[in-house]
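Just below is one structure, and these are the notes that go with it.
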Amino acid sequence: MDSSSSSSSALPDIRQERLLYAPIEKVWETVSTAQGLGSWFMAGNLEPVEGHEFILEAGPFGQSPCQVTEILPLEKLSFRWGRDWTLTFQLNEHPEGTDFTLIHSGWDADKLTEFGQAHAIVRERMEQGWVGIVQKLAQVVK
């Protein structure tokens, strides 16, 4: 899902893939509900309903407005995050648990975030940050 492929200043999506040793139903509950998302990512009032508008509590960056854009139960959840980004969680059943893929898209070298930082700088930080966040998800669903 590369929504910015027409822009010459587009930066690559951030992708994190991990095998989670938990049933797909448990992983889905952890990535698609407010309580679940708050246990490994950020507090907020997410509901797994297409079109649902919600807030993520982004710590020092304040509240981030979001909107669910796609929902396929036990398979995929996508939402707009802030002004420019899309976050997608994809799940696939695996004999040992759940294959989990996170895609953070919407990066553009010519844009600034709502809090005035260049996408290129924030993307580097977030790419590193997602490693630890997905690791935390793996611990939560054990």
Side-chain angles (χ1 to χ4, degrees), residues 1-7 9-115 117-142:
M1 180 176 163
D2 185 7
S3 59
S4 57
S5 59
S6 61
S7 171
S9 59
L11 298 168
D13 295 346
I14 296 172
R15 291 181 70 91
Q16 287 289 319
E17 298 178 19
R18 184 161 184 150
L19 174 59
L20 302 174
Y21 298 99
I24 198 167
E25 295 83 5
K26 183 172 186 181
V27 175
W28 177 253
E29 181 75 16
T30 308
V31 302
S32 69
T33 65
Q35 183 176 355
L37 202 62
S39 71
W40 65 279
F41 182 42
M42 290 183 190
N45 58 338
L46 168 68
E47 291 179 24
V49 176
E50 197 166 315
H52 175 69
E53 294 182 7
F54 65 101
I55 297 291
L56 285 177
E57 299 293 341
F61 302 108
Q63 296 184 328
S64 291
C66 301
Q67 183 173 22
V68 176
T69 56
E70 188 175 3
I71 188 101
L72 295 168
L74 300 179
E75 292 178 33
K76 183 178 184 180
L77 169 71
S78 290
F79 61 87
R80 295 284 301 154
W81 181 14
R83 184 172 59 200
D84 301 315
W85 300 326
T86 298
L87 204 53
T88 300
F89 306 137
Q90 295 175 332
L91 284 61
N92 289 298
E93 225 162 351
H94 184 279
E96 295 181 47
T98 304
D99 281 320
F100 173 77
T101 302
L102 173 144
I103 303 165
H104 186 168
S105 59
W107 301 102
D108 187 323
D110 293 338
K111 289 187 177 179
L112 297 178
T113 64
E114 296 93 313
F115 43 93
Q117 293 185 325
H119 272 217
I121 292 169
V122 176
R123 188 196 173 285
E124 287 303 310
R125 265 192 240 132
M126 288 298 294
E127 187 163 35
Q128 297 306 310
W130 279 123
V131 173
I133 293 168
V134 172
Q135 187 173 348
K136 185 173 180 184
L137 170 62
Q139 296 300 312
V140 167
V141 298
K142 264 187 174 180

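Computation of the quantities below employed the complete heavy-atom set of this structure, encompassing side-chain atoms and omitting hydrogens, waters and symmetry-equivalent molecules.
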task: Heavy atoms only: give me the nearest Gly44-Ala34 pair and the separation to one decimal.
output: O-CB, 3.3 Å
- request: List the atom of Pro48, the atom of Ile71, and the distance in Å for their closest heavy-atom pair.
  value: CB-CD1, 3.5 Å
- request: Return the set of residues passing salt bridge (Lys or Arg N to Asp or Glu O under 4.0 Å) with Glu57 (not counting sequence neighbours), or none when no residue passes.
  value: none
query: From Arg123 CZ over to Asp108 CG, what is the distance, rounded to the nearest 0.5 angstrom?
result: 12.5 Å
query: Is any side-chain heavy atom of Leu46 closer than 4.5 Å to a side-chain heavy atom of Val68?
result: yes
query: Quick one: does Leu91's side chain get under 4.5 Å of Lys76's, heavy atoms only?
result: no
message: Quick one, Leu72 and Glu70 - any side-chain contact, counting heavy atoms below 4.5 Å?
response: yes
message: Quick check for you: to the nearest 0.5 Å, what is the distance between Leu74 atom CG and Glu25 atom CD?
response: 5.5 Å
query: Relative to the ring of Trp85, is the ring of Trp107 parallel (under 30°), tilted (30 to 60°) or perpendicular (over 60°)?
result: tilted
query: Is there a side-chain contact between Gln135 and Arg18 (heavy atoms, below 4.5 Å)?
result: yes
- line: Given the options Glu96, Lys142, His94, Tyr21 meets side chain to side chain contact (heavy atoms under 4.5 Å, CB included) only with Glu96
query: Does the separation of the ring centres of Trp130 and Phe89 fall below 6.0 angstrom?
result: no
message: When you measure from the side chain of Thr98 to the backbone of Ala22, do you find a donor-acceptor pair of N or O atoms at a distance under 3.5 Å?
response: yes
Atom pair NE2/SG of His52 and Cys66 - distance to nearest 0.5 Å: 9.5 Å
field: Atom CD of Glu29: over 12 foreign heavy atoms under 6.0 Å
entry: no
query: Can you tell me if Thr69 uses its side chain to pair, donor with acceptor, with the backbone of Ser78 under 3.5 Å?
result: yes
- request: Kindly write out the residues that satisfy side-chain hydrogen bond (donor to acceptor under 3.5 Å, both in side chains) with Gln117, not counting sequence neighbours, or none if the list is empty.
  value: Arg125
query: Taking side chain as C-beta onward, heavy atoms only, is Leu37 less than 4.5 Å from Leu56?
result: yes
message: Looking at every heavy atom in both Leu11 and Ala120, which two are closest together, and how far apart are they?
response: CD1-CA, 3.7 Å
- request: Locate the shortest heavy-atom distance separating Gly106 from His119; write the atom from each residue and the value.
  value: O-CE1, 3.4 Å
- prompt: Taking the side chain as C-beta and beyond, is there a heavy-atom pair between His104 and Met126 under 4.5 Å?
  reply: yes
Contact summary for Asp110 and Ser9, nearest pair of heavy atoms: OD2-OG, 3.0 Å
- prompt: Going from CG on Leu87 to CH2 on Trp81, what distance comes out if it is rounded to the nearest 0.5 angstrom?
  reply: 6.0 Å
query: Within the side chain of Gln67, is there an N or O that forms a donor-acceptor pair under 3.5 Å with the backbone of Glu53?
result: no
field: Pairwise distance CZ(Phe100) to OG1(Thr30) - rounded to 0.5 angstrom
entry: 10.0 Å
- request: Decide side-chain contact (heavy atoms from CB on, under 4.5 Å) for Leu102 and Thr88; before the verdict, give the C-alpha distance in whole Å, the side-chain angles of both, and the deciding distance to 0.1 Å.
  value: CA-CA 6 Å; Leu102 173 144; Thr88 300; over 6 Å; no
- prompt: Counting N and O atoms only, with roles assigned by atom type, does the side chain of Arg83 sit under 3.5 Å from a partner on the main chain of Thr113, one being a donor and the other an acceptor?
  reply: yes
- prompt: Atom CG of Asp99 and atom CD of Glu17: how far apart are they, to the nearest 0.5 Å?
  reply: 8.0 Å
message: Can a donor-acceptor pair be found, under 3.5 Å and without considering hydrogens, that links the side chain of Asp13 to the backbone of Ile103?
response: no
